[in-house]
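Treat the numbers as computed from the prediction; the structure is a model and nothing was measured. Reminder, nothing fancy here: chain letters follow the sequence lines and each chain counts from 1. Computed over heavy atoms, backbone and side chain alike; hydrogens, waters and symmetry mates excluded.
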Protein chains: 2
Amino acid sequence: MTKFAFAFEEGDGKNKKLLGGKGANLCEMTQIGLNVPPGFVISTEACLTYLGNPERALPPGLMDEVRGHIHCLEERTGKRFGGEQDPLLVSVRSGSALSMPGMMDTILNLGLNVKTLKGLIAASGDERFAWDAYRRFIQLFGKVALGVPDEAFDAELDEIKRKAGVKADIGLGARDLHEAADRFLGVIESTPGRSFPDDPYEQLELAIKAVFNSWMGKRAVDYRREFNITPDQANGTAVNIVAMVFGNLDDTSATGVAFTRYPDTGENKLFGEYLVKAQGEDVVAGTRTPKPIDELADEMPELHRQLVDLRNRLESHYREVQDFEFTIEKGRLYCLQTRNGKMNATALVRTSVEMVGEGLIDKKQALLRIKPEALDQMLFPRIDASTASQPVARGLAASPGAATGIAIFDADRAEKAGHDGAAVILVREETKPEDIHGFFASKGILTSRGGKTSHAAVVARGMGKPCVAGAEGIEVDVRARTARIGDHTIVEGDAISIDGTSGDVYLGEVAMLPPTFSKELSTLLAWADDASRLQVFTNADTPPDARRALEYGAKGIGLVRTERMFNDTERLPYVVEMILAETKEARQAALDKLLVMQRGDFRALFEVMAPRPVTVRLLDPPMHEFLPSERQLEDDIAQLTQLQDTAEGLSVLGSALAMMQHDREAATKVPMLADPSVIAEAIARKDAMLRKVRVLYEVNPMLGHRGVRLGLTLPEIYRMQIRAILEAAAECQKAGVDANPEIMVPQVCTATELAAVKRVVEAMRNEIEAREDLKLKFKFGSMLEVVRGCLTAEALAEHAQFFSFGTNDLTQATFSFSREDAENKFLPAYQRLGILPANPFEALDRAGVGRLMRLAVEDSRARYPSLKIGICGEHGGHPDSIRLCHEIGLTYVSCSPPRVPIARLAAAHAALDEKPAVSSSV
Amino acid sequence: MTKFAFAFEEGDGKNKKLLGGKGANLCEMTQIGLNVPPGFVISTEACLTYLGNPERALPPGLMDEVRGHIHCLEERTGKRFGGEQDPLLVSVRSGSALSMPGMMDTILNLGLNVKTLKGLIAASGDERFAWDAYRRFIQLFGKVALGVPDEAFDAELDEIKRKAGVKADIGLGARDLHEAADRFLGVIESTPGRSFPDDPYEQLELAIKAVFNSWMGKRAVDYRREFNITPDQANGTAVNIVAMVFGNLDDTSATGVAFTRYPDTGENKLFGEYLVKAQGEDVVAGTRTPKPIDELADEMPELHRQLVDLRNRLESHYREVQDFEFTIEKGRLYCLQTRNGKMNATALVRTSVEMVGEGLIDKKQALLRIKPEALDQMLFPRIDASTASQPVARGLAASPGAATGIAIFDADRAEKAGHDGAAVILVREETKPEDIHGFFASKGILTSRGGKTSHAAVVARGMGKPCVAGAEGIEVDVRARTARIGDHTIVEGDAISIDGTSGDVYLGEVAMLPPTFSKELSTLLAWADDASRLQVFTNADTPPDARRALEYGAKGIGLVRTERMFNDTERLPYVVEMILAETKEARQAALDKLLVMQRGDFRALFEVMAPRPVTVRLLDPPMHEFLPSERQLEDDIAQLTQLQDTAEGLSVLGSALAMMQHDREAATKVPMLADPSVIAEAIARKDAMLRKVRVLYEVNPMLGHRGVRLGLTLPEIYRMQIRAILEAAAECQKAGVDANPEIMVPQVCTATELAAVKRVVEAMRNEIEAREDLKLKFKFGSMLEVVRGCLTAEALAEHAQFFSFGTNDLTQATFSFSREDAENKFLPAYQRLGILPANPFEALDRAGVGRLMRLAVEDSRARYPSLKIGICGEHGGHPDSIRLCHEIGLTYVSCSPPRVPIARLAAAHAALDEKPAVSSSV
């Protein structure tokens with residue numbers, strides 16, 4: 001005959017399916033020698049047998065097994081079930097293979113009746129406690145096992161409280177509670193077909209059935225449907241029957257909760273709180289203030305010793321920080337429950353690293369224990385939730401970290417305020433490439449439009465600055481320099497705070513928690529590097545970014561976006577001059593000025609990173625991105641023309657000043673503005689820009705005249721950039737710096753494009769090597785961000801020493817989704833409708849983009865097995881995407897500096913999770 | 001010892017590499033028994049040996065071989081080389097494996113000197129002819145063999161003409177030409193180191209060397225470089241030495257050219273012209289009018305018989321229409337040359353089909369003989385070049401055919417003029433979807449901007465109307481209703497003509513040649529269908545288009561673009577209403593009106609095509625394409641507001657009328673325009689449209705909110721269309737029409753999209769089947785035009801009964817090229833720079849797009865082997881692309897109606913060219 005009930009001493013602690021999570025855990029704790037209150041578990045098999053029986057009778061023999069186990073409990077505790085002196089009481093709890101909170105209430109103190117109550121009063125010496133336990137048991141049993149509605153009990157209790165003139169249960173005395181118990185029994189007896197069983201075994205049988213029935217109850221069924229729990233994962237519930245222990249019997253009794261180590265810092269020391277003569281609820285409810293666990297050493301030295309011993313046993317068994325509950329009943333320590341402790345990242349990293357040192361776990365276990373994303377907490381300041389006011393708006397958590405500063409609504413003014421030393425939060429409807437100088441000068445970015453991959457979000461993440469994007473509750477009025485958030489109006493200069501990790505926006509300043517890049521984290525990440533097959537590079541455009549990434553362990557720069565350099569305030573005028581040039585010569589003159597600046601930029605980056613590689617992408621965006629919009633220019637010209645027509649002294653000058661602040665070049669001439677020739681000149685320049693903007697207009701700029709297509713049709717630009725890179729490398733070499741530039745061509749769709757740029761590079765190399773009398777050291781390669789580039793990777797590889805996937809553009813082309821349009825228009829609906837499981841611009845798409853990447857890698861490596869292939873799209877910093885990159889055999893991933901630690905850990909996870917493990921040295 | 005010279009009787013007629021093209025041809029003609037003047041050929045091997053010898057001596061023994069061959073010629077002709085009576089004269093010509101026109105001049109009459117000249121005079125009885133031949137020979141030999149500059153000879157001849165008082169050579173008499181010969185000899189003798197050899201063999205040796213040397217001459221080297229001729233294709237030149245025959249010796253001599261069949265009609269009858277007592281130049285030069293060949297039957301009956309015999313022999317040997325030259329010398333017929341006759345498509349089709357009937361060739365040969373593209377000529381009217389004036393501008397040949405009509409600069413007025421019966425040419429800077437009604441009403445389209453895949457070009461091709469696009473020489477001023485073409489100004493209403501096959505634009509009316517879809521073409525295309533594995537469908541949106549395609553042999557409709565129906569004048573207001581709707585109900589009300597119209601459209605198409613399939617694509621373009629542009633609306637509102645502000649009677653009303661013509665709805669209210677409330681209403685409506693246009697704005701509309709993405713987020717639209725299709729099918733079924741609709745979903749990138757639409761289709765099917773009590777017959781499938789759709793085709797196939805590649809969009813996404821931007825910005829430069837060999841929007845890209853297609857076909861057919869897969873992009877009508885479609889195993893190609901015949905032939909070519917031939921039944 002099937003065995004349905006298992007004593008904790010005999011149940012298989014690994015068999016959660018049969019015994020439920022809680023039951024298995026109790027068995028395991030018992031079997032490793034912890035002093036768990038004695039008990040037993042009725043299997044899920046019994047539950048399923050019961051539910052499968054149309055007559056809903058318990059399986060034959062089950063109650064006999066239960067009786068046997070109860071006898072054992074009686075022997076173990078020296079108490080008797082239904083006994084009149086010091087009676088054995090038990091708790092009855094459900095427990096399935098997966099935790100399903102709230103599926104059924106726990107029934108405590110089962111076994112109480114008028115007779116055993118007396119024994120409880122005697123044993124506890126506390127009449128009120130005993131009556132309270134009794135009336136609670138009657139109500140809960142009535143409701144759970146007998147199906148009597150709660151309201152009837154509550155009405156009686158309210159009546160008693162009214163009579164006693166108290167508001168809370170706590171105000172009721174023993175007599176009141178006695179009356180409650182009587183009235184509750186009356187409620188049950190007056191319910192047709194119900195009656196309260198005095199026989200403890202009858203109580204127990206009804207309780208077991210009630211637990212079984214709860215598996216098919218509405219709450220449980222709803223829960224399983226909501227969380228997609230299949231019978232495969234959990235089928236039926238077990239029933240746990242445990243002897244009650246009481247921490248409130250006398251002064252040698254106590255109860256408490258503890259962590260085996262400090263959950264906030266990870267310090268290797270017992271942490272916890274307790275109360276003497278108290279129940280678990282008292283510690284949690286806060287009616288009494290619990291004492292720190294250290295005081296137990298004075299109060300009950302022996303029990304403190306036992307508690308430390310318990311802690312050691314828990315850690316040596318579970319090899320993970322434990323969060324456990326204990327009760328001391330008349331000087332005897334019981335462990336009621338234990339589970340893995342929830343800790344912040346700092347503590348988790350420290351304890352994991354230290355447990356390796358203590359020999360409790362190995363490095364692989366330490367690495368796998370920590371979710372890569374959790375490291376975010378250790379890299380950015382956070383809002384101190386304990387001191388902060390309520391947020392006033394919420395947007396998308398677009399770039400992690402928190403910042404406080406004054407709101408400024410315009411990049412130019414943000415730059416000025418930043419230079420003047422103010423902490424600035426740049427607040428915009430949305431940002432554009434020409435706002436880049438505003439980003440540099442700001443502590444954080446807040447936009448009211450755009451998604452997680454909007455310009456603001458991408459740039460902020462690249463710079464490692466906090467950003468809240470698409471906070472739709474905020475209405476920005478740039479002209480009035482105000483923003484409305486609900487009822488509040490923010491005027492430029494008002495303090496504001498943002499949390500880019502949560503997306504919250506706060507008024508005023510709020511307190512911050514500093515980041516904590518600890519020595520344990522360094523240790524952990526070094527282990528991660530040893531375990532990984534992928535290297536981690538960074539996307540960085542400036543020496544400060546590069547330095548930060550180096551500190552975080554980047555092995556090189558995978559992407560320098562030269563257009564970020566073009567957008568610098570100082571350079572933009574020359575870029576515009578270059579774009580407006582009517583002749584090759586005029587264009588070259590502007591480029592010559594840019595050459596000097598870019599060469600300096602590159603040299604500085606090479607010096608910071610030496611001897612690591614620095615991958616420089618040649619200019620990618622279309623020309624019109626460096627010019628104002630058509631609409632803006634038309635407005636400017638209209639205003640300037642008006643100004644010209646009606647020069648009316650100072651008032652006109654005032655409005656001109658405001659308008660001219662959009663135009664940095666003209667702004668330097670403000671004192672002369674009254675001079676009509678200056679206005680005429682400004683109009684002429686704006687006119688030229690407007691004409692050019694119209695010529696450059698494109699229907700689909702994402703698929704337009706940009707990248708290598710621009711590089712080959714206006715070859716002077718790439719020539720300038722290639723010269724700047726190679727001359728910077730030559731300067732480094734002469735200065736003894738081991739520079740390792742890698743020149744990367746964007747938007748390549750056919751091998752002939754790459755070959756054409758390579759010819760320019762080789763000619764330039766020959767010229768510089770001859771002139772400088774040295775051998776240049778650099779690599780030449782291609783972005784793979786065009787579908788056709790991936791499909792013809794083998795042909796491209798003939799001209800390339802490396803590839804780098806640009807998965808942002810590749811995702812757009814593979815899905816035919818324009819990122820900006822998709823995130824504003826249909827992507828949210830697509831996720832809501834379940835058409836797409838995730839935003840493919842956040843989670844690299846395996847079936848489409850991933851397949852293309854795999855194909856490109858396999859094709860090109862088939863012919864060039866050692867080809868270096870990386871990824872520099874934003875996906876390069878996301879753990880799931882990194883896993884895919886690992887699987888298809890990439891050489892490196894490149895991500896923004898603050899994601900470098902996360903990527904290092906994720907790369908290790910990818911390698912360690914691989915079966916069979918291949919390259920792990922851990 | 002190597003043999004270098006081969007008599008025509010012995011040379012291998014297939015060995016063009018050794019004997020050159022001309023030499024091999026002369027050998028072949030001789031050996032099949034044609035009376036070719038006797039001669040021999042010196043091999044290219046001799047040439048290479050000579051050129052490889054640093055001393056530039058002829059290979060040892062070569063001149064001995066030559067002497068031997070000359071003796072044979074003497075025997076064959078009864079003349080003597082250098083003989084004083086009836087001397088043997090020869091021509092000397094170069095000839096390599098590939099034709100290289102102009103590489104070297106032909107030397108005629110070699111062997112002439114003072115002595116042999118007398119014999120020539122005696123034999124011809126024409127002193128002037130003989131001296132003319134002599135002076136020409138001296139000059140040509142002097143120039144070609146001795147390197148004496150032409151100018152020296154020309155100066156002497158000018159002097160003689162001046163003395164004789166004549167302008168042209170033809171005016172010179174025998175005496176003048178005698179003097180010329182003497183002076184020419186003097187020129188040679190006075191050139192240092194040069195002298196004219198009287199010895200014919202010396203003449204011959206020098207001529208042979210000159211031919212050999214010409215292989216390395218500048219002209220030949222340049223030519224080979226220009227046309228990429230490698231030594232593999234042609235290496236060295238042969239020398240052809242042939243006995244001269246004269247058609248001008250006496251009245252029993254004659255010369256002529258002939259085709260074995262009529263080259264303009266293909267009629268199976270000898271066609272040609274001849275002149276008695278004349279040389280070949282006389283026929284070509286037009287100094288005398290040649291007679292039709294039929295007259296030869298009267299003039300020289302026996303020779304006419306021989307000529308017909310020659311014709312028969314030529315055709316039975318070459319099995320292709322021949323274009324040949326003949327000479328009759330003293331009653332003896334010689335065939336001098338033959339080659340495949342160049343014919344127009346009509347003649348080529350007729351002769352090929354008839355030759356199959358005559359047993360000369362088989363069907364496969366007939367099919368392969370005709371280039372598919374050539375059929376264009378038979379399907380469209382053409383400009384009669386013989387009567388047309390010079391074109392005044394040239395654009396891109398965007399849609400074939402020619403048209404004459406009055407120029408109209410606006411779609412609305414074009415529609416009106418068309419309805420009034422005028423033949424209209426719609427002339428625009430560029431066209432937009434809202435111009436569609438203007439297309440319907442016009443005979444042809446002319447634009448000054450845009451490429452071969454611009455909107456105008458695509459739509460015109462779809463409708464089979466002639467279109468010249470991007471005629472940059474034309475400046476269109478829509479407001480003034482004029483266009484400038486060079487010095488000419490066209491006012492609206494002026495006649496104009498366009499040739500969409502050549503791209504030419506003419507002023508005024510020009511004569512047209514009608515199309516000639518002949519019964520022979522029908523026969524040929526029926527054979528083509530038998531030979532093909534691919535079926536040919538058509539893209540058609542209207543019953544007239546569908547009927548035309550049926551006549552051309554389409555097996556079904558592969559693409560009905562429902563948005564074309566949306567753009568119809570009558571419907572657009574409801575479409576706009578639907579777009580502007582603020583509530584689901586308002587949107588549904590507009591859709592209900594459209595439902596009735598679309599159901600009628602579909603029913604009409606099903607009826608025309610029954611029982612063939614009709615593939616209806618659900619709505620594809622983004623909503624904003626149905627609204628005016630933001631700029632247009634702003635202008636309209638500004639003008640309306642001005643009108644409102646300053647109502648100034650009739651003059652204002654006049655301008656309002658003009659402006660309101662842009663707005664069809666408001667235009668119907670013109671009589672009430674003076675009423676301010678009407679103006680206010682118009683402004684409100686335009687304002688609503690403007691707001692919507694701004695909401696709908698997209699950065700990259702090609703990758704935006706369109707296709708299935710729109711269909712799933714605004715589900716009412718697809719519901720309406722699906723209902724219209726299925727109800728139309730039900731109506732047909734009840735009327736006994738065997739309708740076979742196929743519902744096609746555009747822009748699919750993931751299987752979940754397809755599944756979501758399918759659920760709607762199935763629900764609608766159930767509803768209609770229950771209501772109408774019948775079983776609907778239709779298919780459901782997907783476009784493959786998104787890269788990810790191709791990459792996940794296997795998953796898509798689970799929900800689809802067919803696929804259709806949309807290679808226009810697929811090419812855009814695969815290259816990351818926006819078609820419009822690419823063709824305006826960088827694609828021309830890319831072709832010029834050799835980055836891309838062809839425009840991928842015209843020629844389907846094998847390496848990228850083709851690979852994706854192959855992958856999608858293989859993946860989906862692996863699981864669903866009989867899956868129907870077609871192509872409905874524009875590539876579906878282009879022979880090279882059709883070949884690719886055949887190779888990857890598509891079921892059908894679909895193209896615009898006028899390309900159906902071309903596609904049928906191309907499909908046959910693809911199957912017949914396959915090795916080994918698999919399915920050919922020909």
Glu785(B)/Ser816(A) under side chain to side chain contact (heavy atoms under 4.5 Å, CB included): CA gap, chis, key distance, verdict: CA-CA 9 Å; Glu785(B) 57 186 334; Ser816(A) 281; over 6 Å; no
Glu475(A), CD atom: more than 12 neighbouring heavy atoms under 6.0 Å: no
Which atom of Leu852(A) lies closest to which atom of Val787(B), heavy atoms considered: CD1-CG1, 4.2 Å
Choice from Ala795(A), Ala847(A), Ala829(A) maximising heavy atom contacts with chain B below 4.5 Å: Ala847(A)
Region of Val748(A) in contact with chain B, defined by heavy-atom distances below 4.5 Å: neither
Met702(B) backbone acceptor or donor facing Asn700(A) side chain under 3.5 Å: yes
Listed partners of Asp809(B) passing side chain to side chain donor-acceptor pair (under 3.5 Å), at least two apart: Arg706(B), Gln747(B), Gln812(B)
For chain A, the option from Gly834(B), Cys749(B), Cys790(B), Ser818(B) that forms the most heavy-atom pairs under 4.5 Å: Ser818(B)
Heavy-atom pair with the smallest gap, counting every atom of Tyr830(B) and Leu712(A): OH-CD1, 3.8 Å
Lys758(B), NZ atom: more than 12 neighbouring heavy atoms under 6.0 Å: yes
Asp845(A) side, atom CG; Thr750(B) side, atom OG1 - distance, nearest 0.5 Å: 8.0 Å
Residue part contacting chain B, namely of Thr713(A), when any heavy atom lies under 4.5 Å: side chain
Residues Asp859(A), Arg851(B): salt bridge by 4.0 Å N-O rule: yes
Crowding at CD, Glu472(B) (>12 non-hydrogen neighbours, <6.0 Å): no
Whether Thr752(A) side chain and Ile835(B) backbone form a donor-acceptor pair below 3.5 Å: yes
Distance (rounded to the nearest 0.5 Å) between Leu703(B) CG and Leu703(A) CG: 4.5 Å
Residue pair Asp821(A) / Pro701(B): nearest heavy atoms and the distance that separates them: OD2-N, 4.4 Å
Gap between atom CZ of Phe826(A) and atom CG of Leu714(B) - 0.5 Å precision: 12.5 Å
Using atom types as modelled, flag every donor-acceptor pair under 3.5 Å from a side chain in residues 691-698 of chain B to any protein atom, sequence neighbours excluded.
from, atom 1, to, atom 2, distance (Å)
Arg694(B), NE, Glu630(B), OE2, 2.8
Arg694(B), NH2, Glu634(B), OE2, 2.7
Glu698(B), OE2, His705(B), N, 2.6

Separation between CZ of Arg846(A) and OG1 of Thr792(B), rounded to the nearest 0.5 Å: 15.5 Å
